[in-house]
Enquirer: 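This is the structure, below, for whatever I ask next.
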Amino acid sequence: MDQLIEDVVAQQAEEGGEFTFNAAFDVLEAYARRPLDLNAATAEELGSLYLLSPLQIDRLLAYREALGRFISIYELQAVPGLDLETIRRLLPYVKVGTGLDDVSVPLSTLLTQGTREVYIRAGRRLERARGYTPPNPAYAGSPLRLYTKYRQRYGNQLSLGVVAEKDPGEPFFRGGRGFDFYSAHLFLRNLDRRVRAVALGDFTVSMGQGLILFTGFGFGKSSYTTSVARTSPTLQPYASVNEFNFMRGAGTTLALGEDLELTLFGSHRRRTANPTRDSLGVTSLNLSGYHRTVGERMDRNALTQTSYGGSLRYRPTPRLHLGLNLLGEHLSRPLLPTPRPYNRFYFRGTDLQNVSLDYRYRLRNFSFFGEVAGAVGAGTAMLHGVNLGIDRRTDVAVVYRKYDRDYQALSAQPFGESGGGRNEEGLYVGLEVRPAARWRINAYYDLWHHDWVRYNLDAPTAGREYRLRLSYARKRKLDSYLEIRTETKGATLRSDQDDRLDAVVDRTRFQARLHAGYHLSPTLEWRSRLDMGFTRYAGTDARRGILLFQDLHYRPMGPLSFSARLAAFATPGYEVRFYEYENGLTYNAYVLPYYGEGVRGYLLLRYKGIRGLTLEARAARSQSTDGNTFGTGQEATGKTHRTDLSAQVIWRW
């Protein structure tokens, strides 16, 4: 799971995406307590585990369709394409049912049984930043970050929760708000044979391949090279602290028959936005979630966004899924981006309507998927792909996408090189080969181009990227891989001469990684990693960097465990950076860019010696060795070191 988080989130970080780990992976804990029944699981439910590729899901469903219900969990070894490593990851979260389902579980049982948990988390940076300096600090609040959550669950049938968070610099219990952000939800699944889902409060909506709306979690380019098709449930509960990527209102999924399913939803929420000079409209929707300074607080709730729509799903056979998706958006004030060449085709106004058709079709070893979408008065977008199981050891995924430069959708998150689903055409080919029991080869090649200018790029650009990973693992002993990755695409080369325009040239980034995790004993694991790479703009010399870290993870049967790291790195700056996963407090892991010259270490302690109670503490420190200080602007500290402390209490009953 650590590797999945690192690969997926690092890619999102490079693209300016959001870290959605909290919302995406805490479902596994619910399934750890009430495993998913393989004899009743749908493709969407299996996809929500994020442990199987779309092709593996298709093979599992095809096996069940051809041979009937699973008799034993060990029968998974007979499913083509499921290797022992994948099965071991899957086993804690699935079971083989007896044929009796949970549809008739009464609401009173859902509310009174199941599990409950409370999270209380606090953390802060020790070094005082410029924005907190008296007598006139720019930030209204303290540097303390506070988070609390209550969650009640009954398998995947009930989720009830409340979340509250204060970011560093935001006021706490001033002006009557308490925390800066609140979220609450009630989500019910399979109330009866007619009502398959009910969402109240905050929830996510995911349609098709994400061309018009995708507020859940979806794979991008990663070392999971064939996990490119989206198979997420349409409605899911929301219990994270991302302050914009969710719906607030109500939704329901109804069975209109054996083959037909209808999802309807409505959302009305306030959004932080940047007003125009005359305050009649807004220039952009704010995605940071920060309300620390006078300006940020004035932009708070600058408009309301009303979203409404539905999805009609038709499944005449287990092999074929068709969907018709509709989405309407209404803004209380017009969105009026400041005119620039790159945003010439962006949405402007108050109302936007989108419609799309999506499909999935399985034929022998082929699994076809895709979506075609349009916006009223704007362009179109399409994505088509196929997963192919060549044999038991080889899988291939191919994706073609074409997003018109004038296509408009406020919440689109499809597969691609850049976010937003517009101004891009590309072809992706992914490969996974399992040549022997302990070996795995993952590779992809992606080729794309943008036929219109983009932000900070004053010319149309094109790019290509490949990635190759060779993995070798021995059960409970060794986990290792060698990876190389190269990306070449258009980028702006800044000029030092005022009388010249910044040129758009090819920029190549190359990175090589050697990773080994070795279990010294059943409770002690040692991990080592070496990263090397360079960045080169066409016509210039390459800038090179290197990173080395050592991790130690101690997880005994007793109450106390710990994780620790010591890393050293030397790069010429942010242009040459290495994204690394760091173990954090539960559901609060990190993927950080390491760059510059320095050392970094952290220590995470976890204690479970009291029944139902988990106590965690984490300390991390970075030390610059080249004299550079941390932070810029209001975040500048003037220090060559940075120290972060955090703690968390979890109570489960």
Enquirer: Could you please spell out the steps behind the salt bridge (charged side-chain N to carboxylate O under 4.0 Å, His left out) verdict for Arg529 and Glu580?
Expert: CA-CA 10 Å; Arg529 177 175 296 178; Glu580 309 293 347; 2.6 Å; yes
Enquirer: Should Tyr238 and Phe246 be marked as a ring pair (Phe, Tyr, Trp, His ring centres under 6.0 Å) after you check the CA-CA gap, both sets of side-chain angles, and the distance that decides it?
Expert: CA-CA 7 Å; Tyr238 183 78; Phe246 63 93; 4.9 Å; yes
Enquirer: Identify, with sequence neighbours excluded, every residue that meets side-chain contact (heavy atoms from CB on, under 4.5 Å) alongside Thr231.
Expert: Ile57, Arg360
Enquirer: So Phe70 and Tyr63, ring pair (Phe, Tyr, Trp, His ring centres under 6.0 Å) or not? Walk me through it.
Expert: CA-CA 9 Å; Phe70 287 93; Tyr63 180 92; 5.4 Å; yes
Enquirer: Do Asp358 and Arg313 meet the salt-bridge criterion of a basic N to acidic O distance under 4.0 Å?
Expert: yes
Enquirer: Distance only, no hydrogens: is a donor on one side chain within 3.5 Å (strictly under) of an acceptor on the other, for Arg469 and Tyr224?
Expert: no
Enquirer: Per the ring pair (Phe, Tyr, Trp, His ring centres under 6.0 Å) rule, what does the pair list look like for residues 392-427, sequence neighbours excluded?
Expert: Phe415-Tyr428
Enquirer: Do Gln550 and Ser528 have side-chain N/O donor and acceptor atoms under 3.5 Å apart?
Expert: yes
Enquirer: Please walk me through it: do Lys477 and Tyr518 pass side-chain contact (heavy atoms from CB on, under 4.5 Å)?
Expert: CA-CA 6 Å; Lys477 199 67 177 178; Tyr518 185 75; 3.3 Å; yes
Enquirer: Would you mind telling me which of Glu371, Glu417, Glu425, Glu424 makes a side chain to side chain donor-acceptor pair (under 3.5 Å) with Arg401?
Expert: Glu424
Enquirer: Can you see whether Thr508 engages Thr488 through a side-chain donor-acceptor pair at a distance of less than 3.5 angstrom?
Expert: yes
Enquirer: Answer with yes or no whether the side chains of Thr215 and Thr204 bring together a donor and an acceptor at under 3.5 Å.
Expert: no
Enquirer: If only atom types and distance count, is the side chain of Ser563 paired as donor or acceptor with the main-chain N or O of Leu604 below 3.5 Å?
Expert: no
Enquirer: Would you say Asn442 and Thr225 are linked by a side-chain donor-acceptor pair, where the criterion is simply a distance under 3.5 Å?
Expert: yes
Enquirer: Check the surroundings of atom CZ in Arg474: do more than 12 heavy atoms from other residues, nucleotides or ligands lie under 6.0 Å from it?
Expert: no
Enquirer: List for me each residue that meets salt bridge (charged side-chain N to carboxylate O under 4.0 Å, His left out) alongside Glu65, sequence neighbours excluded, and say none if there are none.
Expert: Arg319, Arg362
Enquirer: Given the ring of Phe366, does Arg364 sit roughly above its face, with NZ or CZ under 6.0 Å from the centre of the six-membered ring and within 45° of the axis?
Expert: no
Enquirer: Are Arg467 and Glu487 ion-paired here, with the side-chain N under 4.0 Å from a carboxylate O?
Expert: no
Enquirer: Start with the C-alpha distance between Glu432 and Arg393, add both sets of side-chain angles, then the distance that settles salt bridge (charged side-chain N to carboxylate O under 4.0 Å, His left out), and finish with yes or no.
Expert: CA-CA 8 Å; Glu432 179 173 305; Arg393 299 182 182 275; over 6 Å; no
Enquirer: Nearest 0.5 Å please: distance from the OG atom of Ser227 over to the CG atom of Leu51.
Expert: 10.0 Å
Enquirer: Rounded to the nearest 0.5 Å, what separation is found between the CG atom of Leu36 and the CD atom of Glu45?
Expert: 5.5 Å
Enquirer: Do you see a donor-acceptor pair shorter than 3.5 Å between the side chains of Asp259 and Tyr314?
Expert: no
